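Just so you know, these numbers come straight off a predicted model, no measurement behind them.
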Amino acid sequence: MGTDSTGEFAEWDEERYSTNIERFDEQHKRLFGLLNDLHTAMNEGHSEEEVGDILRELERYTEYHFGDEEEFMQNCGYAMDCSDCFYNHREMHEEFAGKVQELREKHENGEYVTMEVLTVARDWLDAHIAAGDEDQNYADYFQSEVSDDYEYEPGQLYQDRTASEDPVPVDRQPEDAGVRLDSDVYDGGSLSVPEGSVAAWFEDIVSDHGDRTAALVRDDGEFVERSFEEMAERAKAVAGGLLSTELRPGDRLAIRAQSQYEWSVLDLACHFAGLVPVALYPSASNDRAAQIIERTGATGLVAAGDEAGDLSMAVETVLDFEALPTAEARVLPGLQTDGDEVATVAFDVAAPAEKAGCALTHRNLLAAAESLREGLPTGPGATGTCSLPLAHIYQRVATYYLWATGSAVAYLEAEEFVEQLAAIKPDVLVGVPKMYQQLYGTIQDRLGDMGWMKRKVGGRVASYGQGIVEGRGTPLKYRAAKRLVYKPLRRETGLSNLTYALSGTGRLDDHLLYFFRGLGVPICELYGSVGTTGVGALNPAASFVEESIGDPMPGVEIAVSESREILVRGPTVLGGFLDGDQTGAQTLRDDWYHTGEVGEVGPNGELSLAE
């Protein structure tokens, strides 16, 4: 096993590695893909945060795969008939899982992770899967000993192949079991959700704000304006073009492209045409993208340049993102679509493709946008940002929120968003912890260019911010520091007009939180997930509570179960999972969405995630 001709660190060889069990071949390919992602990130000097994210995903996915594989081996009888092999197999799993955990812990402790260690992990995977080795044993058993009508059902362990053996009990809550709470229900208040589809909703937005700016688009080094009317006209023309192909209303269309104005146009075009967009992360491996296309049943693909790659073999219709078809649409089916129909299929970037896939309805999307509009009120004419992948439901719903208020979305290039912020001076910054880390580095560079006195003042900004967050206030000299140092820094970096600086998808590091609050940036932390359409709780700058996830947003209810799991209920909770998904009954019960995250209620009633 080694680097292949395409430059991949870990090469998948079908003949050498295939177990002829599709489920596990796909999982093994995912492990190869993660090793390749990690190798690329380390080799190309990606951020420590990005390397850490991949290591955590590798550790999480390793645990998921090994658990699924061992369950399968018990389920089909291999564990009973070949018990020694099974336990040897399990020991090898534990050995590799330990290596991955050690790798992740070393990175988090600041120790240098060498390529040699990564090569050891790759070689272990080769020895474990390759023909004649461990995974081939259960594969051979499956082919020769298991009846053709056997069907594996993940999550339902049983051993009933001999009369002398009792079935293995599984602690599994029945689907009809009621949800037992261990806290009050925290209610974010009522929410009026627009009726109908996203397409019909956007028509109303255009009617209210037609000539206002809907988008700021980079063109030849400058930002140019696109009105709501222009955007709607373009989206309808593309909708007509989509319907002139083999695509038909109700079909699922995969999109693989970088975030930009045309991505949002295509998203709206899908809604007008009655198609269901399936957003693929442009950074995802071809294997993962192919898994999602197969899993969602997408019949079409829109990709930029060479992004289609081998994926074109998996769909019937392939379109070039940079040359979208247009035509006059006699009918726009999406205007008549019911609000409870599926509007998009979204995936969590950190979740395995075969275990995820949230079917979000039009009502889910519009409820999330409306909840943000009520929770973060702003008037027409404001400007917000889009620099995150639009495949992420958090960024996509944030664009809907901005349009709902009559505001513009400025499309920034991910690699240059810090420099481009100064040109647009947004009112709403849609960010994640990694973005604030990048901003922090830029501002520190600016501080380094100042005189020694201003550098000294700048060095105190985090301590001032900590005083603000903790409610201790700031000394009198903070006023001078704001005027002489912090305000000019905000102006230079485009942060001077901010009403809201959102941070979603994960908790912001305390030091970054203190730094930006001291600088005068109104950081708000947003708690939500794909399953709740990106919306859940908000910890606003004006009433920020440390360690808390904040208060439920309008339309959202949150509680903690007896098992200390955070539960969410309301119109933003997903309409369901993909057809045949076995996790639905466990994740959605009594209208509560089970987040899988452990939470707790503090002495003052504040909700927080457990450490």
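- Heavy atoms from other residues, nucleotides or ligands lying under 6.0 Å from CD of E316 number 12 at most.
- With a 6.0 Å radius and a threshold of 12 heavy atoms from other residues, nucleotides or ligands, Q336 has its CD atom at or below the threshold.
- In terms of heavy-atom proximity, A289 sits nearest to L280 at CB-CD1, 4.2 Å.
- Enclosure of atom CD in E492 by more than 12 non-hydrogen atoms of other residues, nucleotides or ligands within 6.0 angstrom is indicated.
- The aromatic rings of H271 and Y400 sit perpendicular, their planes meeting at an angle over 60°, well past the 30° parallel limit.
- Scanning all heavy atoms of the two residues, the minimum distance from Q420 to L412 falls at OE1-CA, 3.3 Å.
- Atom CD of Q444 is surrounded by more than 12 heavy atoms from other residues, nucleotides or ligands within 6.0 Å.
- By the 6.0 Å contact criterion, CD on E419 is enclosed, its count of non-hydrogen atoms from other residues, nucleotides or ligands being greater than 12.
- Of the possible donor and acceptor atoms, one in the side chain of S371 sits under 3.5 Å from a partner among the backbone N and O of P554.
- At a threshold of 4.5 Å between non-hydrogen side-chain atoms, the residues L429 and L439 count as touching.
- Surrounding CD of E565 are more than 12 heavy atoms belonging to other residues, nucleotides or ligands, all under 6.0 Å away.
- Between T595 and Y527 the shortest side-chain heavy-atom distance falls below 4.5 Å.
- For W263 and Y411, the ring centers sit 6.0 Å or farther from each other.
- In this structure, L538 CG and S543 OG are separated by 8.0 Å, a value rounded to the nearest 0.5 Å.
- Side-chain N/O atoms of S264 and D267 include no donor and acceptor closer than 3.5 Å.
- Judged by distance alone, the side chains of R507 and N539 never bring a donor and an acceptor atom under 3.5 Å apart.
- Exactly one of L390, L360, L365, T533 qualifies for a side-chain contact (heavy atoms from CB on, under 4.5 Å) with R396. That residue is L390.
- With no hydrogens or angles considered, no side-chain donor-acceptor pair links S387 and T385 at under 3.5 Å.
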